[in-house]
Amino acid sequence: MPTENKGSLPLLVINYLLLFVGSVSSSLLSKYYFVHGCSNLWVSTWVQSAGFPLLLPPIILPYFLNRTTRRPFTHFTAKIFFISIFVGLMLGLNNLLFSVGNSNLPVSTFSLILSSHLVFNLVLSVIIVKQKVTFSNLNCVILLTFSTILIALDSSPDKHGLTHDKYLMGFLSTVGAGLLFSLYLPVMEKVYRKVNCYSMMMEMQVVMEAASTALSTAFMVYTGGFGGMVREGREVFDKGESLYWWTVVFNIVTWQLCFMGTAGMVFLTTSLTGGICMTALTGMNVLGGVVVYGDKFGGVKVVSTLLCVWGFCSYVYGIYIKSKKDEDEDEDRTDDEMI
């Protein structure tokens, strides 16, 4: 099946910008919700996927404006549709684990632990999509593993009011979220190999997030979450009702940027590259936690952050060396053909 858009550098840059802005801002805004008195995990889970209708205009408008002859949502097979539903439900569980981790841990600690997903990502990528293990990606994963172990060993609460039980719950939930997300990445890479264009990838994203939203909405209705949002805005959120609703809205928007950037990176490159690009933002998330929320940034976190940066740089260097080698081989092959 021919695949459009995968060689598009501008599209790749746009998606990484979406990932950059979405990842950093959604992490900080999610914590903002909890820091200012709110505690409803299902609200925090719901906002992560409830913005999926925002993806519909860029999917539908090109067709109605005669920019394409491809009708939206017409190339779905039953298999791809049900896979999208299943993965969406899995993402719903992942979003809940993310909320539990983010509510119980400082942003900097949470971000560093979440980077552990890259370890699972490499293993599952080898199993599911036959990812080749190279020195650069193995070295990157080892360094990030040590980074996470350092945070785990330094497991004393680093913020006033954070108990050991909450820290443990947050730590385990964050590792669980990383494991589920690392399964999502190679599974979607395998599915995307049967997807013939970027628009269809976006359509799959809509179906997945609709399924995730349906799951969290059901629990919101069951637990009275929507009525609780009104009460939270009026009585609980200590920055006022108006800012509460703006926090909810911007959470919804930034999470869409994050998920769309992630899906685009996997579609345009590989699941491992997408995971590593996400992990590369760990430093920005850690810095954001320190600057915005005053998270402590002691020696262990400094070393852990440096290991993350070192691992990412080694991976990027490995890609550069491989691309240079491929270029040299192509030039040699061209020269041999001319002779």
Side-chain angles (χ1 to χ4, degrees), residues 23-48 92-121 141 143-183 219 223 232 236-238 247 251 255 258 278-279 281-309 311:
S23 176
V24 176
S25 55
S26 61
S27 294
L28 294 175
L29 284 168
S30 294
K31 190 64 179 180
Y32 190 80
Y33 169 82
F34 292 113
V35 163
H36 292 289
C38 298
S39 59
N40 193 321
L41 294 174
W42 282 112
V43 171
S44 177
T45 302
W46 181 77
V47 298
Q48 293 179 48
L93 176 58
N94 176 82
N95 293 345
L96 176 61
L97 291 173
F98 183 98
S99 296
V100 174
N102 199 25
S103 66
N104 288 303
L105 297 174
V107 173
S108 55
T109 305
F110 173 78
S111 299
L112 288 168
I113 296 172
L114 194 62
S115 67
S116 66
H117 80 82
L118 196 59
V119 181
F120 308 126
N121 189 358
V141 166
L143 290 170
L144 289 168
T145 302
F146 280 124
S147 170
T148 305
I149 291 173
L150 281 175
I151 293 295
L153 293 176
D154 185 47
S155 58
S156 59
D158 63 354
K159 195 170 184 179
H160 180 71
L162 185 64
T163 66
H164 284 277
D165 288 342
K166 284 190 172 184
Y167 189 98
L168 181 61
M169 181 186 296
F171 182 89
L172 294 177
S173 297
T174 305
V175 172
L179 178 57
L180 274 178
F181 200 72
S182 65
L183 175 61
F219 279 96
T223 60
E232 276 189 337
V236 179
F237 194 71
D238 60 19
T247 301
N251 258 294
W255 273 112
C258 180
M278 290 180 63
T279 305
L281 298 176
T282 297
M284 295 301 299
N285 284 320
V286 170
L287 182 62
V290 172
V291 173
V292 178
Y293 298 115
D295 294 351
K296 292 183 178 179
F297 195 58
V300 172
K301 284 185 180 178
V302 171
V303 174
S304 184
T305 303
L306 289 175
L307 287 174
C308 285
V309 174

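Since this is a predicted model, take the numbers as computed values, not measurements.
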Can you sort out the partners of [X] under side-chain hydrogen bond (donor to acceptor under 3.5 Å, both in side chains), two or more places apart, ordered by chain and number?
X      : result
Asn251 : Ser30
Trp42  : none
Ser44  : Ser99

Sorted by chain and residue number, the ring pair (Phe, Tyr, Trp, His ring centres under 6.0 Å) partners of Tyr33 (sequence neighbours excluded) come out as none
Let me confirm one number: the [atom1]-[atom2] distance from [X] to [Y], rounded to the nearest 0.5 Å.
X      : Y      : atom1 : atom2 : result
Asn104 : Asp165 : CG    : CG    : 10.0 Å
Asn95  : Asn102 : CG    : CG    : 11.5 Å
Phe34  : Asn40  : CZ    : CG    : 8.0 Å
Trp255 : Ser23  : CH2   : OG    : 7.5 Å

Taking [Y]'s backbone N and O only, do any of them form a donor-acceptor pair with [X]'s side chain (distance below 3.5 Å, no angle check)?
X      : Y      : result
Ser27  : Val24  : no
Lys166 : Ser103 : no
Glu232 : Cys38  : no

For Ser173, the side chain to side chain contact (heavy atoms under 4.5 Å, CB included) test, sequence neighbours excluded, returns Leu97, Val100, Met169
The side chain to side chain contact (heavy atoms under 4.5 Å, CB included) partners of Leu183 (sequence neighbours excluded) come to Met90, Leu124, Ile128, Val187
Practice prompt. Could you walk me through whether Tyr167 and Leu105 pass the side chain to side chain contact (heavy atoms under 4.5 Å, CB included) test, one step at a time?
Written response: CA-CA 6 Å; Tyr167 189 98; Leu105 297 174; 3.7 Å; yes
Start with the C-alpha gap between Thr247 and Phe237, add the side-chain angles, then the distance that decides, and say whether side chain to side chain contact (heavy atoms under 4.5 Å, CB included) holds. CA-CA 10 Å; Thr247 301; Phe237 194 71; 3.8 Å; yes
